[in-house]
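First the structure, in the form of structure tokens, and then the observations on it.
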Amino acid sequence: MTSSAPQPEGARPVPSPRRRPGGRTARIRRQVLDAVLAELGERGYDGLTVDAVAARAGVHRATVYRRWGDVGGLLADVLDAAGDDAWQPPDTGSLESDLAALNREIQDALTAEPPIVAALIAASFRSEQADHAQRRLWEDRYARCEVIVRRAVERAELPPRTDARRLLIAATAPLYHQLVLLRTPPDPDLPGQAARTATLAASAGAFAEPPPSGDT
């Protein structure tokens, strides 16, 4: 999910993909964004330059400067492009297994080589444009994942008015903490353990919001 709490019965709509130009313009954009990812994976944020991206993409540096401006603009477009996909969260039939499958996807993304996702997260702390784009991507991913909680409420696995965002953060946070902050080796048991812990807490009402004032 790489890549944030309304009530399950009234979740925000998933943002529709942004329209992007087609033809030669789309091809050049894809070449440039692929080059950004390759350079970032090999050299990290400090080694990422517009000139290197242009050379790898096979386009004139003036084209890159004119459209993206600088490294921050390139990183922001990479992150925005990630939100234009058709990804949907797992639907396995139970809350715990949905969360475990989601966590496995996160762990795979964070431990992939080259470490693109981890590098993008790190870059968001160095570039304001990348930071804003990273936040947009998190919002998109959390909004898409709220359906996991809605389905669990409908199956009576969770109390009504369970706060989807808080539950999702609790379920996925251990992966980011261990792999991004502590940089520990991936633990194959962690995705399931984190999902189980969050499911037990949620089923006990830990993430349920009180009814609106005036309700009985």
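- Within the 4.5 Å cutoff, the side chain of R29 has heavy atoms near those of the D77 side chain.
- For residues 114-133, every residue pair satisfying the salt bridge (charged side-chain N to carboxylate O under 4.0 Å, His left out) rule, not counting sequence neighbours, is listed here: D46-R126, D131-R135.
- Applying the salt bridge (charged side-chain N to carboxylate O under 4.0 Å, His left out) definition to pairs two or more places apart or across chains, those involving residues 189-207 are E96-R196.
- Taking 4.5 Å as the limit, some side-chain heavy atom of R151 sits within range of a side-chain heavy atom of D91.
- Atom CG in L102 sits 12.5 Å away from atom CZ in R144 (nearest 0.5 Å).
- Across P174 and A194, no two heavy atoms sit closer than the pair CG-CB, 3.9 Å.
- The heavy-atom pair separating Q129 from A76 by the smallest distance is O-CB, 3.7 Å.
- Inter-residue side-chain proximity for D163 and V149 is flagged as unmet; no heavy-atom pair is nearer than 4.5 Å.
- Considering all non-hydrogen atoms of both residues, A54 and R61 come closest at CB-CA, 3.7 Å.
- Remark: L182 CG to H177 NE2 distance equals 4.0 Å, nearest 0.5 Å.
- With a 4.5 Å cut-off on side-chain heavy atoms, Y45 and L75 count as touching.
- A single hydrophobic cluster is seen to contain both Y65 and V78, as judged by linkage of ILVMFWY side chains at heavy-atom distances under 4.5 Å, directly or through other members.
- For the pair T25/R67, a side-chain contact is recorded, criterion being any heavy-atom separation below 4.5 Å from C-beta on.
- A distance of 10.5 Å separates CD of E39 from CG of L74, quoted to the nearest 0.5 Å.
- Contacts of D34 classified as salt bridge (charged side-chain N to carboxylate O under 4.0 Å, His left out), with partners at least two apart in sequence or in another chain: R30.
- Nearest heavy atoms, Q134 versus L120: NE2-O, 3.4 Å.
- Between I121 and L110, some side-chain heavy-atom pair lies under the 4.5 Å cut-off.
- Cluster annotation: L99 is not connected to L200 through the hydrophobic network of ILVMFWY side chains, with a link wherever side-chain heavy atoms come within less than 4.5 Å.
- With rounding to the nearest 0.5 angstrom, the OG1 atom of T199 is 7.0 Å from the CG atom of L167.
- Residues that satisfy the salt bridge (charged side-chain N to carboxylate O under 4.0 Å, His left out) test with E157, not counting sequence neighbours, are R155.
- Residues forming a salt bridge (charged side-chain N to carboxylate O under 4.0 Å, His left out) with R104 (at least two apart in sequence, or on another chain): none.
- L181 and F125 fall into different hydrophobic clusters, where Ile, Leu, Val, Met, Phe, Trp and Tyr residues are linked whenever their side-chain heavy atoms come under 4.5 Å apart, directly or through other members.
- For the atom pair OG of S94 and CD1 of I148, the computed distance is 10.5 Å after rounding to the nearest 0.5 Å.
- Partners of P114 under the side-chain contact (heavy atoms from CB on, under 4.5 Å) rule, at least two apart in sequence or in another chain, are I116.
- D140 and R136 are not joined by a salt bridge, as no carboxylate oxygen comes within less than 4.0 angstrom of a charged side-chain nitrogen.
- A donor-acceptor pair under 3.5 Å is absent between the side-chain atoms of T162 and the main chain of F207, judged by distance alone.
- Within the 3.5 Å criterion, the main-chain N or O of A57 finds a donor-acceptor partner in the side chain of Q31.
- N103 places a side-chain N or O within donor-acceptor distance of the main-chain N or O of A171, the cut-off being under 3.5 Å.
- A donor-acceptor pair under 3.5 Å is absent between the side-chain atoms of S127 and the main chain of A123, judged by distance alone.
- When every heavy atom of L179 is checked against every heavy atom of T184, the shortest pair comes out as CD2-O, 3.5 Å.
- Atom CZ in R166 sits 9.5 Å away from atom CD1 in I169 (nearest 0.5 Å).
- Between L158 and S203, the shortest heavy-atom distance links the atoms CD2-N, 3.7 Å.
- The closest donor-acceptor contact from the side chain of T92 to the backbone of D98 lies under 3.5 Å.
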